[in-house]
Amino acid sequence: MPAAALWRSLRAHQVYGANTDVGKTIVSTLLCNALQHHGPVGFLKPVSTGPLNEADDRHIQRYAPHTQTKCLYQFADPVSPHLAAHKTGTVPSDPELLAAIHHTLSTWSSQTATKHALVETAGGVHSPGPNGTSQADLYRPLRLPIILIADSRLGGISASISAYESLLLRGYDVHSVLLFRDDYYQNHNYLQEYFAKKAIPLVAVPAPPARPDPRDGEAVSQDEEAMGRYYERTVREGRLGAVVEALERKHMERWERLEEMARKAEETIWYPFTQHQGVTAKDIAVIDSAYGDYFQTYRAAKVENTGDQGGGSALRSTFDGSASWWTQGLGHGNPDLALSAAYAAGRYGHVMLPGNIHEPALALAETVLQSQENPRLKRVFYTDNGSTGMEVAVKMGLRAACARYGWDASAEPIRILGLKGSYHGDTIGVMDCSEPSTYNKKVEWYRGRGHWFDFPLVGMKDGVWKISMPETALGDELQFGSLSEVFDLEQRVDSEAGQRYREYIHETIQRLVQQEGIKFGALMMEPIILGAGGMLFCDPLFQRCLADVVRQHPELFAPGQSSPPAGANEWSGLPIIFDEVFTGLYRLGRRSAASFLQVHPDISVNAKLLTGGLVPLCTTLASEPIFRAFLSDDKTDALLHGHSYTAHAVGCQVAVDSLQTMMRMEREGAWQEYQHDWTVASSGGATTAAAAAPAGAPTTGPSVWSVWSHDLVRDLSRAASVEGVFALGTVLSIALKDQHGGGYTSRAAQGLQQRLAAGSEQFAVHSRVLGNVLYLMSSVTSKPESLRAIEEVLRGGLL
């Protein structure tokens with residue numbers, strides 16, 4: 001992906017029209033002439049349609065002769081670019097077109113010392129490019145600042161404002177607005193006041209002379225003479241001086257802000273999970289924008305090294321390897337989600353939920369319940385983020401257990417069962433649901449209320465999938481030919497390993513309850529992968545056995561309950577809570593991570609991918625029996641939890657559209673290429689029927705797959721510095737060897753992290769480390785070619 005285009009010496013702007021035939025090229029010609037007084041000027045037309053002698057770059061050559069011009073793709077048919085291109089059979093891809101634009105601007109900056117460049121679009125803001133992509137979306141990765149040519153004709157006010165809003169929704173900066181002066185419609189007067197409120201200068205220029213009757217034999221020469229006088233007079237009158245001044249000022253303001261942001265952040269921002277001792281401004285990455293899978297990051301060192309004539313853009317594409325801290329699902333700058341948010345903001349703003357309902361909240365409740373395919377879950381409680389959603393889940397689970405077993409939590413401590421390395425958030429309540437660790441041991445209120453099982457870990461080493469055991473009671477290391485075999489619980493549940501797991505779990509709980517007198521109120525697990533604990537891949541069979549023992553042996557927790565309660569959706573033993581804040585909603589390649597375990601939890605929490613990576617929101621889903629535990633005539637028995645922005649309409653609407661998009665991608669086989677890769681690997685190279693399905697054919701694909709290639713995982717597992725590696729869904733985790741034992745405070749992964757951050761001239765990779773573990777994450781919309789490029793960088797860093 002080409003980086004966003006920004007050079008110190010080159011003031012590059014994109015010219016958009018509010019509609020077709022609003023005079024973009026005439027205004028561009030005026031600007032080229034005016035800008036030539038300040039240095040060399042370039043005019044780039046990415047796509048042009050119509051006769052060559054009427055092409056926009058030819059017009060510039062004729063009336064602004066000192067301008068350097070270039071047209072990348074010229075199509076003779078005077079129709080929309082997507083029609084003209086397909087008629088010729090020459091259709092440049094969107095990435096090819098973007099790369100050509102970026103290369104041209106970079107060349108002008110470095111080789112010809114061009115100071116100003118105009119990149120003129122075709123038609124209106126949403127006119128399609130050669131592949132049918134709206135220009136507003138097609139050119140968005142470059143994010144050039146905009147000069148908008150407004151419409152001076154009847155209806156032009158509406159068209160101009162709509163065009164501006166479309167650009168604004170996509171994160172463009174509009175630096176100036178120009179249009180022809182028309183004293184009858186006077187659109188310039190209305191729009192000048194409108195854009196003044198946005199601090200955007202608007203200049204009305206005289207309308208060009210009317211074209212002579214083409215039947216007149218001297219029409220062409222008359223028109224050329226009239227246009228020549230028009231350009232000379234308009235530029236001489238200095239009408240565009242304010243525009244030139246605004247373009248220069250905004251360019252310098254952008255540079256100054258980028259240059260000072262890291263320093264100011266170092267002085268004012270308190271970063272999470274960061275030891276600030278020793279942190280300096282140079283350690284802080286400045287993100288100018290983000291689009292798709294990439295940040296556009298500022299490179300101060302690049303600017304210093306190349307000087308004013310340097311051709312390298314000061315912005316570099318940086319792969320968002322943390323998926324913006326695990327939230328990113330449908331790509332940065334997603335215009336559909338931006339429109340969803342704007343719609344809900346315009347329709348509702350924020351309205352309180354208690355005692356009310358609005359369509360986005362109801363629609364999301366119905367959609368998220370449907371997505372889980374869990375017959376137990378019937379109720380949705382809204383919070384703002386995963387930690388508070390888990391706080392609610394704990395309250396639900398403990399209340400239900402205390403109500404059933406007659407326990408008084410004010411008189412005796414009620415604890416939880418979980419796994420070592422668990423992390424459920426940083427709020428005080430759920431912090432107590434994790435074992436003592438780096439995250440909580442220095443928090444003054446932390447007490448730690450539970451028992452946490454050590455568990456078998458899954459990873460590939462030396463090309464073999466292995467399950468390592470933390471306890472001798474669990475048996476010896478297991479080996480598997482494929483990851484699908486690890487997840488084949490129907491075959492494994494009655495195996496010797498399964499029997500050992502169940503006996504170990506049963507004996508441990510029995511000892512804790514009967515000998516130590518501990519009362520447990522809930523079982524809490526992050527299904528499959530414990531994220532913040534270090535990307536710990538738990539043997540799914542162990543988690544399945546833990547859930548089975550809890551449900552099948554209620555007598556362990558309440559003597560006298562010899563059998564599970566009646567009712568298919570009634571909880572038994574303990575309420576089971578699944579924390580799918582990280583692992584849920586396609587992060588691991590499935591709607592729900594619970595489906596890997598073939599376990600329906602009584603309470604489930606989703607956040608992060610819930611809104612596709614746009615705004616915070618969380619849902620805590622609960623069964624009807626859990627809900628009934630809070631019913632009484634006493635208000636104090638209610639679930640007294642909430643916050644001001646509960647079920648905010650913007651988040652709910654975005655979440656509905658995000659979930660529907662991801663479920664549609666699943667139905668339509670959007671991940672078939674990735675699934676095919678892992679299917680072939682699981683079958684030893686034999687292509688299955690599902691893998692051989694035609695491209696685009698709907699398929700559920702294999703049960704276990706990753707966007708990261710199986711070959712990469714196998715190759716990295718053989719690296720001398722790698723302790724273990726795995727990939728599942730969008731997650732890739734690499735544990736590096738550490739002679740000091742690893743863990744959260746390990747520095748073993750920092751060298752690899754720094755190599756990825758250094759990157760290449762084309763792009764870099766942003767990543768996060770958890771001690772000796774470096775992980776990378778993609779969105780669910782990532783392109784194979786992009787991920788394979790990242791994989792090559794990884795190979796170079798480790799092999």
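The residues of the chain are indexed from 1 along the displayed sequence.
- Using a cut-off of 4.0 Å between Lys/Arg side-chain N and Asp/Glu carboxylate O, D602 and R551 are scored as salt-bridged.
- In summary, the aromatic rings of Y348 and H350 are positioned with their centroids too far apart to meet the 6.0 Å limit.
- Dense packing is recorded around OH of Y405, with more than 12 heavy atoms of other residues, nucleotides or ligands lying under 6.0 Å away.
- Annotation for C652 and Y382: closest pair SG-CE2, 4.1 Å, computed over non-hydrogen atoms.
- Side-chain contact check for N569 and S623: no donor-acceptor pair (N or O, by modelled atom type) lies under 3.5 Å.
- Side-chain contact, S387 with T427: a donor N or O sits under 3.5 Å from an acceptor N or O.
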Before you tell me yes or no, could you show the steps for R492 and D539 under salt bridge (Lys or Arg N to Asp or Glu O under 4.0 Å), namely the whole-Å CA-CA distance, both residues' side-chain angles and the distance that decides it to 0.1 Å?
CA-CA 11 Å; R492 295 187 63 205; D539 182 358; 2.8 Å; yes
For D432 and R449: C-alpha separation, side-chain torsions, deciding distance, then whether salt bridge (Lys or Arg N to Asp or Glu O under 4.0 Å) applies.
CA-CA 6 Å; D432 273 1; R449 308 166 193 266; 2.5 Å; yes
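- A donor-acceptor contact closer than 3.5 angstrom links the side chains of Q499 and E503.
- In this structure, A532 and Y439 approach most closely via the heavy-atom pair O-OH, 2.7 Å.
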Could you give me the CA-CA distance, side-chain angles and deciding distance for L419 and L546, then say whether side chain to side chain contact (heavy atoms under 4.5 Å, CB included) is met?
CA-CA 10 Å; L419 299 177; L546 183 52; 4.0 Å; yes
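- Residues H766 and S322 have side chains that bring a donor and an acceptor to within less than 3.5 angstrom of each other.
- Between the side chain of S733 and the backbone N or O of Y775 there is no donor-acceptor pair closer than 3.5 Å.
- Put simply, the residue from F582, Y271, F273 that forms a ring pair (Phe, Tyr, Trp, His ring centres under 6.0 Å) with W325 is F273.
- Using bins of under 30°, 30° to 60° and over 60° for the plane-to-plane angle, the ring pair W671/Y586 lands in the tilted bin.
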Could you please spell out the steps behind the ring-ring contact (aromatic ring centres under 6.0 Å, His included) verdict for H506 and Y504?
CA-CA 6 Å; H506 188 281; Y504 171 74; over 10 Å; no
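- With a 6.0 Å cutoff to the six-membered ring centre and a 45° limit on the axis angle, R590 counts as a cation-pi contact of F596.
- Judged as a side chain to side chain contact (heavy atoms under 4.5 Å, CB included), and not counting sequence neighbours, the contacts of L339 are L169.
- Annotation: cation-pi geometry not satisfied between R415 and F520 (NZ/CZ under 6.0 angstrom from ring centroid, within 45° of ring axis).
- Relative ring orientation between H641 and F381 is described as perpendicular, the plane-to-plane angle rising above 60° on a 0-90° scale split at 30° and 60°.
- A donor-acceptor pair under 3.5 Å is absent between the side-chain atoms of Q328 and the main chain of D293, judged by distance alone.
- By the neighbour-count criterion of 12 heavy atoms within 6.0 Å, atom CD of E516 is densely surrounded, having more than that number from other residues, nucleotides or ligands.
- The aromatic rings of F542 and F455 sit tilted, their planes meeting at an angle between 30° and 60°.
- Two rings, from H332 and F295, have their centers less than 6.0 Å apart.
- S592 and E580 form a side-chain donor-acceptor contact under 3.5 Å, judged by distance and modelled atom types alone.
- A distance of 10.5 Å separates SG in C538 from CD1 in I529, rounded to the nearest 0.5 Å.
- Not a single donor-acceptor pair under 3.5 Å links the side chain of S324 to the backbone N or O of T327.
- Considering only residues two or more places apart in sequence or on other chains, R628 meets the side chain to side chain contact (heavy atoms under 4.5 Å, CB included) condition with E570, E624, P625, L631.
- Remark: side-chain polar atoms of S658 are not paired, donor with acceptor, to backbone N or O of V654 under 3.5 angstrom.
- Residues satisfying the side chain to side chain contact (heavy atoms under 4.5 Å, CB included) test with N374, not counting sequence neighbours, are Q372, R376, L377, H600, P601.
- Here R399 contributes atom CZ and I626 contributes atom CD1; the two are 11.5 Å apart, rounded to the nearest 0.5 Å.
- A donor atom on one side chain and an acceptor atom on the other are found under 3.5 Å apart for T636 and D634.
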